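The model shown is predicted, which means the values in this text are computed figures rather than measured ones.
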2 protein chains.
Amino acid sequence: MASFQLHEMRRACTSCSLRELCLPDGMSAEDLARLDEIVMRRRPVGRQAVLFHQGEPMSSIYAVRSGSVKSTTLATDGGEQITGFHLPGELIGLDAIATGTHGCTVTALETSSVCELPFDQLDMLSGQIPGLRRQLLRLMSREIRHDQRALLMLGQKNAEQRLATLLLNLSARLQQRGLSATRFRLSMARGDIANYLGLAVETVSRLLARFQEQGLLQVAGREVTLLDSARLRLLVECEPDAAVTHQGRG
Amino acid sequence: MASFQLHEMRRACTSCSLRELCLPDGMSAEDLARLDEIVMRRRPVGRQAVLFHQGEPMSSIYAVRSGSVKSTTLATDGGEQITGFHLPGELIGLDAIATGTHGCTVTALETSSVCELPFDQLDMLSGQIPGLRRQLLRLMSREIRHDQRALLMLGQKNAEQRLATLLLNLSARLQQRGLSATRFRLSMARGDIANYLGLAVETVSRLLARFQEQGLLQVAGREVTLLDSARLRLLVECEPDAAVTHQGRG
DNA sequence: CGCAAATTTGAGAGCATTCAACTCCTGTGG
DNA sequence: CCACAGGAGTTGAATGCTCTCAAATTTGCG
């Protein structure tokens, strides 16, 4: 039902409902107009469509406008790792600035659209608009934070905690975007979740079943309803088992 | 006894041997002079000294000048994860820009010194100097890349591959700084290595012993000599003995 | 409606962890 | 200079979490 789609999606940053989550945040109306001039809107792309490939030269960065995408990096041995799921208002391709070539491949998880920001122009504009410069740095910094939290997850948490963390994280981000925090549709496959969390697909499947048994949530395919996010949070923060005692009944 | 110390360490960016690895890279002499004016040099700090704590308000970012430091993030449950080891020329505290408070704690691994860059002044200056702005973005982007490679490591690689990757990575970065790529001293404890790689201390210890048995390297305490980095690389990229691809999806 | 892909479920194996004991450093004080 | 304390690092054994393999079942889509 509820998807990652946002309803009011206008063409210009000025009237975009994502304004406060995206690059425009904190910019004056006139500066916004200048930003608007360099933004290229792309027509929606379908599921599985690739926005750009790892290794390609980077000329633009992108902001998710609607839908959702995943970014993946390939290891030398062919293994691939999903480094993030991105919702509307989030910037992608920021890792490309370092070398001028994309360090990840970005793929649409569902029908999605993005705004394209030609980097040279964005860079120039950010020299003239302090608010834009700050916000660009902030968003890059936020990406670093995200990755470091993900590192903490893979390095310190067990399977149960990882899945709970992801669900709560998605929930919070959807809520930020005006959607339900408790009921949503996962736009990514189980395999994507597993890969992102460094787990096997089967483990994710089993855990979702267990969470449901324990009354933490309800899951039907990709439709998820969080029933007890407080206990989910407890699961993440405290020792495993602390939140759940299946001793209670034989 | 090669350490992470660099030999020629002058006070000004202009004559700093790390110029090309650090923020000054690609800047003209006159722009460099302006950067120099805002940089505050700090006296060396000893082992275990904390440069800043997670949660503290951020007013400056820092560049490692000599020695080496680690950055760690604390989970809500008290568990902590080392998100990176930083060598001279590398910027730290970049994740703080998003919220204005430090997202990690930075601790010296050995006697080290850093350059302090007051963020407001740096931001202002980067509005005036395109080269500086670009380089700041590049270094932030590089940090994102680093974290994403680390994610790939924790998500896709087994213990053996993780340790090999770290050793090769350190080797390459030391070489960039004019030190030996094959013989170096680890400034971090086994426990730090284990934490960074998401492993138990005992596992790291066992692996180092095994690598030595296999003639890949020689290790005596924190002194490491890489004997066959080609084979180490092979270990990371393929998997010679156990031809099993770890973990789902390809 | 039917096939292919995605997901779930079950059973057994393996890699890494945990627990425990021991050894080796390193720095300190006699 | 050496003894000693305490942390750091190593080694061994056993448990366990998660993976792999295998097969059933459902879902999605043409």
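- When rounded to the nearest whole Å, the span between CD of A:Gln212 and C1' of C:dT9 equals 14 Å.
- One finds no side-chain N or O of A:Arg206 lying less than 4.0 angstrom from the OP1 or OP2 phosphate oxygen of C:dT9.
- Between A:Thr203 atom OG1 and A:Arg210 atom CZ the span is 10.5 Å, to the nearest 0.5 Å.
- No donor-acceptor contact under 3.5 angstrom links the side chains of A:Thr105 and A:Thr72, judged on distance only.
- Taking atom CZ on A:Arg210 and atom C1' on C:dT8, their separation rounds to 15 Å, with Å as the unit.
- Among the atoms of the strands shown, only primed sugar atoms or phosphate atoms (P, OP1, OP2) are found under 4.0 Å from some heavy atom of B:Leu199.
- The closest side-chain heavy-atom distance from A:Glu110 to A:Ser112 is below 4.5 Å.
- Atoms NZ and CD, on A:Lys157 and A:Glu237 in that order, are 8.0 Å from each other to the nearest 0.5 Å.
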Whether each nucleotide of nucleotides 22-30 of chain D has a protein heavy atom under 4.0 Å at its base (B), only at its sugar-phosphate (S) or at neither (-) is summarised, 5' to 3', as B-----S--

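- Here the side chain of B:Ala209 is nearest to one of D:dT11, D:dT18, D:dT10, namely D:dT11.
- Rounded to whole Å, the distance from CD on B:Gln156 to P on D:dC19 is 11 Å.
- For the pair B:Gln161 CD and C:dC15 C1', the interatomic distance rounds to 13 Å; values are reported in whole Å.
- B:Gln212 places a side-chain heavy atom less than 4.5 Å from the side chain of B:Gln218.
- A straight line from CG of A:Asp192 to P of C:dA5 spans 16 Å, rounded to a whole angstrom.
- Computed from coordinates, the B:Leu208 CG to C:dC24 P distance equals 18 Å when rounded to whole Å.
- Annotation: the terminal axes of the helix from C:dC1-D:dG30 to C:dG30-D:dC1 meet at 40°, where each axis is the rotation carrying the C1' atoms of four end pairs onto the next four (5 pairs per end, rounded to 10°).
- A heavy-atom distance below 4.5 Å is found between the side chains of B:Phe85 and B:Leu109.
- In this structure, the CD atom of B:Glu223 is 14 Å from the C1' atom of C:dC25, given to the nearest Å.
- For A:Asn158 and C:dT18, the CG to C1' distance is 15 Å, given to the nearest whole Å.
- In this structure a side-chain-to-backbone donor-acceptor pair under 3.5 Å is present from B:Ser141 to A:Asp95.
- Annotation: the span from A:Thr73 atom OG1 to B:Arg149 atom CZ amounts to 9.5 Å, rounded to 0.5 Å.
- Put simply, the residue from B:Arg42, B:Arg41, B:Arg65 that forms a salt bridge (Lys or Arg N to Asp or Glu O under 4.0 Å) with B:Glu116 is B:Arg42.
- At the phosphate of D:dC19, OP1 or OP2 sits under 4.0 Å from a side-chain N or O atom of A:Thr203.
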